[in-house]
Structure formats: C-alpha cells, structure tokens
Student: 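Take this structure first; my questions come after.
Both backbone and side-chain heavy atoms feed into the values below; hydrogens, waters and symmetry mates do not. So you know, we letter chains A, B, ... as the sequences are listed, proteins then strands, and number each from 1. None of these values were measured; they are calculated from a predicted model.
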Amino acid sequence: MTNSNNDSVDAKQPPKKTVVSNFIRQLISRDNASAKYGGRVHTRFPPEPNGYLHIGHAKSICLNFSIAAENNGFCNLRFDDTNPEKESQEYVDAIKENINWLGFSWQGDVRYSSSYFDALYAFIIQLIGKDKAYVCSLSPEQAREYRGSLTDSGRNSPSRDATIAENLILLERMRAGEFENGAYSVRAKIDMASPNINMRDPVLYRIRHIEHHQTANKWCIYPTYDYTHCISDAIEGITHSLCTMEFEDHRPLYNWILENLEISSLRAESGLPDSEYVLPGQTEFAKLKLNYTMMGKRNLKNMVDTHAVSGWDDPRMPTLAGMRRRGVTPAALRNFCESVGVSRSESVVDLGMLEYCIREDLDKNAWRAMCVLRPLKVVISNFSADYLIKLLMSNHPKDESQGKREVPLTHEVYIDRADFEEMPPPGFKRLTLGGEVRLRGAYVIRCDEVIKNDQGEIIELVCTADLDTLGKKPEGRKVKGVVHWVSASLGKSVTVRLYDRLFNVENPESKDVEDYRDVLNPNSLEIIDNCVVEPSVLTRDAKLNFQFEREGYFYLDSKDSKDPKDPAPTDLYFNRTISLRDSWSS
RNA sequence: UGGGGUGUCGCCAAGUGGUAAGGCACAAGGUUUUGAUCCUUGCAUGCGUUGGUUCGAAUCCAGCCACCCCAGCCA
C-alpha cells in the first residue's frame, strides 16, 4: 500500500471507448449547447472522510472525473468535512491515495469544506440579516417534536420571531463558545408546513465542542451538510453537482440557500469573473448496488472494528483498498463503472458483471505462470536424476510482445492432486493410470504406476515422458488433457489465499437480515500453505498480477510477506483475485 | 393515508411518436498445448397495468399497481 506505481497494470490506461448515452451526458450536452455555464463543465467528488472508499464511490468518482474530462472541464476533490465527530486524517489520506490509484487527478489542490468555514460564517450573518435564518433555542428533542411528521405539518419555533439584532448577538455568542452542545442551533426560516420535511426550517449550524482534524479548535460551531454543500459548490465554481438519489429531496433547499444569498458575494468568493459565474445545479443519479455485497459505511466500519475482516484493506472487502490487495486493477474497475451505466432507477448489479470486467482486463494483461496449489509428486522415470532443461514459455499466449520466461523441467515435478484420478468420472480430461496428459509447455507423459502410503493415499506417480512431443503433437493419437506443473526441486514454496464472497445471501443489508453476521460466508477465506510456484514469478519485478494457468488470477501481496524482490524470499503470499471461468461442472 | 422518485429480457441499460441497441448471464456450435481466451449463433410480436389520443405509442394523456427515499443539531 505504499507505492501506487507498483501495480502491474497501468493505472492511466484509458477506459473503453464505448461511450454510452446517459441522462447526465445529455444534460451536459444541452447545457453546453445553450451555453448555460458558458460552456464550462466543472464537477467535484465530495467524500466525507469518515471511512474508506468502496466500489460505490468508484462509480461516482468515475462519473465526475470522466464527465469533466470528456468536456474539457475539471473535477475537484473536496472533503466534505463538516462533522468532526466521525472524521479523521487517516481517512483523508486513504481517500486521496485511492483516487490516484483509480487513475484520476483532481484539479488544483485538495479542497476542504472546512477551509470555507470563515466564508460560511459570513454568509450565515448575511442570511440572518435578511431575516432568512434565526437562532433557535429548541433542544434536538423539542425540534423533532416541532417538526411534525410525514403527514402532519410542523409548528413554528418560539425563537422564530426574535429580531435580527437578537439573532446576531446569539450567533456571536454561539461562536464564542458560551453555550453547551445542543443548546442552540441556527435554522433557515422557510416553512414549517412544507410537505418536504427538509424545508421545515432546517438546521444550518450546530454547537459541537470538539476538535476538527483540519481546523483544530478554531470553531465550536459547525455548519451542516445542507448549508455547506451548496455554498462550497458555488465557491468552487462548480457547474454540475452530481449526487445520489437520496438527496433529491434536498435540492429545493440547495437552491433556496443559494438563491437567498447575494449572488455577488458568492461570486466574489469564487474568484470567477462575473460573465462566467452561474449558480451550480444539483443532479441526482442512482447509487451503485452489488448483490452479495454490503456497501453501508457504517456496517463496513463495524466489520473492521469487530475484526470480522482483517481491516479496511482486507481483500474480501468491497473497498478500493481491499480490491487493490485482492489484485483488481484500476482499469477493470473503470470499465466496470462505465459498463453499468448511469440512470435514476434503483438497480442491483450482478457480481458477475464485475467479475467479467476483472477477468477481461487480467486476461489481456496478466503474465502467465504455473503454480500447483495441492502438490502431487510425479517422477518421470525416463529422465535422469540430474535432468534439467530450461523451457522458454510465453508470458502471454496471444501477445508475443509481452516476452518469454524460462521454466525449468526436472526429473521430479508436481502436478495438482485434482489432475489425477484412479477412477475418472465421464469426460475427465486429465491424468489417469495408463493414460496420457500434456505437461503444459512440455512433454506428454503417461502414468505407469501409482504409489500409495499405508493409509492408501496416493503419494506419488511414476510416469514416462514421450520424448517426441516437445512442441509437437504426439504421433498417431490425440492427447486432450493439458496439466500445469512445477519442478519439484526448483519450484518455490508459497502460501496462497483463496477468497470467496463474504456473504451467502444476495442482499446482506435487506430488512430480512437482522444481523449481517448471520449471513457471513464461513468459507470466504481459505489459506493453502506449501503451494509450489515456478521460480520466474519471483524475478519479474514490477509484475504483481499473474494468471496461474488453469487456476485463476493471483496477486503478489506485499502484506504479511517479505519484500518481493528479496533474492531468497521465504514467506510469499499470493491472493487469488478471481478464478478462471469454468464451464466444466464437476 | 404528506412529499419526492422509479418501473424496457434473469441482471445492468439504450430508446425522447415511425414499428424494441448493447453488455453481463445463459444455451448451442467452432478453434485451442490453459476444460481459459477467442469466434459464430440463439435469447423481449414485448416495454408494471388498464384505458385513451394517433394512420402509427416503450415514447403523449388519465387512472390503477408495485417498489425505493425523507420526520439526524449525519452525509
């Protein structure tokens, strides 16, 4: 997790060129045609630093950065850090790194809502001065009562009729730290009878005597999301403020706040010339949901805190940090985000689509190698004990430009236990007693003898190689099976981690599930020691993604392992990103 | 039962009044020294539903049904 350039697949590789129409692209085309924003397109990705980014965020990141790039515009990274209680610098750092890893660069410096706190304070004075906001003495509990319900309108706060002067004094006293948390709040003066509950005098500022990760102890009052987000967008000269559907009800408030402020003062903060300045507009799209996946930040944090997983970067997590350690590439994620599309309908994407994108990219770019997960010794009887040839094999079967590697073949090799059967099922294409199979990239061998231990377990196979089959088909017969193998004496011992989905139900966050712990997949992680990998994988530096032929895609993990460039590594870990597609059901 | 949304193939998703794109999944063939990849073919007389307007409707109108979001001083 230290070097973002260390991944074997280029993070800057452009996404697929198949640009699909969607309602946001159409909206922007219309805005450009009408010159609503003078042709400017300026978006932003506004995470709250209260957790790690997950694949749902990736959709938003790709959308915001791509839509800006397509239109020669810009995209800002802005931390929406108005709630210091839940936020931390650790999350800020991780988020920045994840976005770079995904392959995007934000415009200018990283922004923070907290760096607008002075401006936000000046604007609240302006709003109070226009009798559009007031200081409310209701406690949070009372405020809830006064707000009414979904079907009943609310009642006015007793503080609603205070004079502007009184409000201004109370505001200053709030800021000075004279009151306890919750004693007062600043509220917009809109309409307590509005059918939209967000418009029933929403809270704009609250008292929180707590240190902030960016502004330390400068403030004890903090602006709320609704008040901060629209103004931050306006200050940054954002044109298209994209967010998810649950904020649709907030759009009237977003607009109300900006429209009740002097546009000239907003413009002044933006630094944009008058001719280019237009208020931003919010547009909502459906968030990404994936089946068999839990996306709620609160739940993900709980899994980390309770050690249900090893951390935010556990390879089973849907976090960007986790998927990275799993071996998922940035290009695969970007292609996935593009291929799921953008719409306003609630949708749950099938995990299979993500898996397809991962395989698609890895098949094209991952170097091939052989690794035997469950070794079974094969003695090739017509090779001498000191037999050694170095076979040259392609790093990629369909792309010679990716080069070749040396694979040593010796008297004894390992194949996978699953590739030999004494009693083969119908259709079995692997090795049987008396049968033949091709050692991938090497000779065809025939099994002559099965050696068992006292328990009757197969411990060794004695085989004969057909010396006339190197690089050519055997004479007069067909050998269908191909099996991967590794030299017994020259192979390297490694540990492999196999991952499966974390949950065994499609929707672990559905109302039918009382506790996600009840639906955890107990077999989501399988660790296999003493796997044997061909030596070349340890010498090909900078490459971390491999396809172990016939097994799947694996990622050399830097965690819990020695430096991969160590000339004599002893503890090597390969995480299985994903298996190969398997159309042979057994 | 207030307000705001959404309903097009098992899953995403184009379509914006002229007669249902594409991808995933699935199925059947072909190639193959990875049971992978790749290639070929198939896969909605139908667009939540019922009516209406129209020469013509997934697209326009009306009603109905289903599902999602909102009563944090969270975002």
Student: Using a heavy-atom cut-off of 4.0 Å across all strands, would you classify F428(A) as base, sugar-phosphate, or nothing?
Tutor: base

Student: With a 3.5 Å cut-off and just heavy-atom distances, do the side chain of Q547(A) and the base of U34(B) make a donor-acceptor pair?
Tutor: yes

Student: Where does RNA chain B form stems of at least three consecutive Watson-Crick or G-U wobble pairs, each pair having both distances below 3.5 Å?
Tutor: B:2-7 with B:65-70, B:10-12 with B:22-24, B:26-30 with B:38-42, B:48-52 with B:60-64

Student: Is there a donor on the side chain of R550(A) or the base of U34(B) sitting less than 3.5 Å from an acceptor on the other?
Tutor: no

Student: Regarding V348(A), tell me which of base, sugar-phosphate or nothing describes its non-hydrogen contacts under 4.0 Å with the strands shown.
Tutor: sugar-phosphate

Student: Let me spell it out: for each of T151(A) and M245(A), pick the nucleotide of RNA chain B with the closest heavy atom. Which residue's pick is nearer the 5' end?
Tutor: T151(A)

Student: Of E180(A), M174(A), R175(A), which meets side chain to side chain contact (heavy atoms under 4.5 Å, CB included) against I207(A)?
Tutor: M174(A)

Student: Just call it for R359(A): base, sugar-phosphate, or nothing, with non-hydrogen atoms closer than 4.0 Å on any strand.
Tutor: nothing

Student: Have a look at S153(A) and say if it touches a base, only the backbone sugar-phosphate, or nothing, with a 4.0 Å heavy-atom cut-off.
Tutor: nothing

Student: If we take the C1' atom in both U34(B) and U19(B), what is their distance in whole Å?
Tutor: 47 Å

Student: Using the side-chain heavy atoms of R206(A), tell me which of these nucleotides is nearest: C74(B), U34(B), C70(B).
Tutor: C74(B)

Student: Do D582(A) side-chain and G35(B) base share a donor-acceptor contact under 3.5 Å?
Tutor: no

Student: So, D233(A) and Y254(A): side-chain donor and acceptor under 3.5 Å apart, yes or no?
Tutor: yes

